[in-house]
S.K.: 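Shown below is the structure under consideration.
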Amino acid sequence: MYNIIGFPRTRAMRVMWLLEELGEPYELVPAMPQSAEVRALTPDGKVPILLDGDTAITESVAICTYLADKHGKFTFPAGTLERARQDSFTQFAVDVLEGALWTAAKNTFIHPEDMRVPAVKEVCKQEFSRGLKTLEKRLGSGPYVMGDTFTIADIIIGHCSGWAIVANFDIPMEGSVYEYFKRLRERPGFKAVKAKVDAAQ
């Protein structure tokens, strides 16, 4: 049994989604970022945190990579060209898509008001839109970024698409990226997590 520390409407959703896909049991402790419970496990107060036995693992991408490698599913083996391509998509998601979303979030409600730069949010939206155009060019003919194989890269990108909707970023309403996001939302693992996230509101 895995334990996830983190409120569902955070990057904890990525870990939940992967565990649903893996069919592995987990328990969610809905602790908020910067809470005393979270800061007792990691000095930066960030969620999610995965507890595997006595070990606390932080950072959602690291957690998903660990779980996929451990269970041998939704990832390609380390040291293969396929894994390099998969990791390239994951890094693209974090650097470009999440980077724009996270910067906008910090300047909306995370930073103290006197440190926020509201105008930067429009720049973030433009960066995100350019990122989606890059994604469109990189998508192949398969249903997922790695062709027929669903991987953790799809989970990170799919989570960013939902985050973008909540943040009022523009999302395509037609075309290959739209169809790709739709396929991700239709996966049973995503639907199971979405139900849990909605129930936690």
Side-chain angles (χ1 to χ4, degrees), residues 3-20 26-51 56-65 89-135 152-173 177-178 181 184-185 190-201:
N3 288 284
I4 304 171
I5 312 295
F7 199 73
R9 281 196 176 277
T10 64
R11 296 177 184 91
M13 186 177 178
R14 299 170 175 178
V15 183
M16 295 168 64
W17 185 355
L18 177 56
L19 287 171
E20 292 285 351
Y26 64 92
E27 182 176 331
L28 179 70
V29 179
M32 294 296 289
Q34 305 303 324
S35 64
E37 186 172 11
V38 171
R39 294 190 72 86
L41 294 168
T42 179
D44 62 13
K46 291 170 58 179
V47 295
I49 302 166
L50 178 75
L51 297 180
I57 306 169
T58 61
E59 301 296 340
S60 63
V61 174
I63 295 169
C64 288
T65 301
F89 275 108
T90 301
Q91 287 301 123
F92 161 78
V94 172
D95 291 344
V96 179
L97 303 181
E98 180 180 320
L101 291 162
W102 183 228
T103 299
K106 286 186 287 188
N107 285 280
T108 301
F109 59 88
I110 295 173
H111 285 327
E113 285 193 42
D114 61 344
M115 292 180 60
R116 296 175 193 169
V117 184
V120 80
K121 290 186 283 187
E122 289 305 315
V123 177
C124 293
K125 289 182 177 181
Q126 291 299 317
E127 289 181 350
F128 186 84
S129 293
R130 284 196 296 271
L132 293 186
K133 287 181 172 58
T134 298
L135 177 61
I152 58 175
D154 296 298
I155 289 178
I156 306 305
I157 295 171
H159 175 259
C160 286
S161 73
W163 185 350
I165 292 170
V166 173
N168 294 316
F169 278 41
D170 291 333
I171 294 289
M173 299 307 294
V177 172
Y178 167 80
F181 288 161
L184 296 180
R185 291 192 298 270
F190 176 84
K191 289 182 178 180
V193 171
K194 182 69 163 54
K196 292 179 180 180
V197 169
D198 291 344
Q201 285 185 330

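In this text the structure is predicted, and so the values were computed from the model without any measurement.
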S.K.: Rounded to the nearest 0.5 Å, what separates atom CZ in Phe92 from atom CG in Leu97?
M.R.: 4.5 Å
S.K.: Any chance you could lay out the side-chain contact (heavy atoms from CB on, under 4.5 Å) test for Val29 and Glu37, step after step, and finish with the verdict?
M.R.: CA-CA 10 Å; Val29 179; Glu37 186 172 11; 3.3 Å; yes
S.K.: Once rounded to the nearest 0.5 Å, what's the spacing between atom CG of Leu101 and atom SG of Cys160?
M.R.: 5.5 Å
S.K.: Counting only heavy atoms not in Lys106, do more than 12 sit closer than 6.0 Å to its NZ atom?
M.R.: yes
S.K.: Measuring only between side-chain heavy atoms, which start at C-beta, is Ile156 closer than 4.5 Å to Arg14?
M.R.: yes
S.K.: Measure the CG-OG1 distance between Leu41 and Thr58 for me, rounded to the nearest 0.5 Å.
M.R.: 10.0 Å
S.K.: Does the Arg116 side chain pair with the main chain of Thr108, one donor and one acceptor, at a distance under 3.5 Å?
M.R.: yes
S.K.: Between Glu20 and Lys194, does any side-chain N to carboxylate O distance fall below 4.0 Å?
M.R.: no
S.K.: Of the non-hydrogen atoms in Val96 and Gly131, which two are nearest, and what is the gap between them?
M.R.: CG1-CA, 3.7 Å
S.K.: Does Asn107 reach the side chain of His111, with side-chain heavy atoms less than 4.5 Å apart?
M.R.: yes
S.K.: Which heavy atom in Ile171 sits nearest to a heavy atom in Ser161, and how many Å separate them?
M.R.: CD1-O, 4.0 Å
S.K.: Can you check whether Ile155 reaches Leu184 side chain to side chain, under 4.5 Å on heavy atoms?
M.R.: no
S.K.: Between Thr42 (side chain only) and Val38 (backbone N and O only), is there a donor and an acceptor less than 3.5 Å apart?
M.R.: no
S.K.: Identify the heavy atoms of Ala12 and Pro48 that sit nearest to each other, and give their distance.
M.R.: CA-CB, 3.6 Å
S.K.: Could you tell me which non-hydrogen atom of Cys124 sits nearest to which non-hydrogen atom of Ala104, and how far apart they are?
M.R.: SG-N, 3.7 Å
S.K.: How close do Pro33 and Val47 get, counting heavy atoms only, and between which atoms?
M.R.: CG-CG2, 3.7 Å
S.K.: Give a yes or no answer on whether the side chain of Ser35 reaches the backbone of Met32 with a donor-acceptor pair at less than 3.5 Å.
M.R.: yes
S.K.: Could you go step by step and tell me if Glu59 and Lys46 meet the side-chain contact (heavy atoms from CB on, under 4.5 Å) rule?
M.R.: CA-CA 8 Å; Glu59 301 296 340; Lys46 291 170 58 179; 3.3 Å; yes
S.K.: Check the pair Phe128 / Val123 against side-chain contact (heavy atoms from CB on, under 4.5 Å), numbers first and verdict last.
M.R.: CA-CA 9 Å; Phe128 186 84; Val123 177; over 6 Å; no
S.K.: Using the rule given for side-chain contact (heavy atoms from CB on, under 4.5 Å), can you reason through Met13 versus Val197, listing the C-alpha separation, both sets of side-chain angles and the distance that settles it, and then say yes or no?
M.R.: CA-CA 8 Å; Met13 186 177 178; Val197 169; 4.1 Å; yes
S.K.: Please check this pair: side chain of Thr10 against backbone of Phe7, looking for a donor-acceptor N/O pair closer than 3.5 Å.
M.R.: yes
S.K.: Contact between Ile152 and Thr65 at the side-chain level, heavy atoms closer than 4.5 Å - yes or no?
M.R.: yes
S.K.: Could you state the interatomic distance from CD (Gln126) to CG (Asp170), rounded to the nearest 0.5 Å?
M.R.: 8.5 Å
S.K.: Measure the shortest side-chain to side-chain distance between Phe169 and Trp163 over non-hydrogen atoms and say whether it is less than 4.5 angstrom.
M.R.: no
S.K.: Between Arg11 (side chain only) and Ser60 (backbone N and O only), is there a donor and an acceptor less than 3.5 Å apart?
M.R.: no
S.K.: Quick one: pull up CG in Leu132 and CD in Glu127 and give me the separation to the nearest 0.5 Å.
M.R.: 12.0 Å
S.K.: Is there side-chain contact between Phe181 and Leu135, with at least one heavy-atom pair below 4.5 Å?
M.R.: yes
S.K.: Just wondering, more than 12 heavy atoms not from Asn3 lying within 6.0 Å of its CG?
M.R.: yes
S.K.: What's the spacing between Met16 CE and Leu50 CG if we round to 0.5 Å?
M.R.: 12.5 Å
S.K.: On a heavy-atom basis, which atom in Ile49 and which in Ala56 lie closest, and how many Å separate them?
M.R.: CG2-CB, 3.9 Å
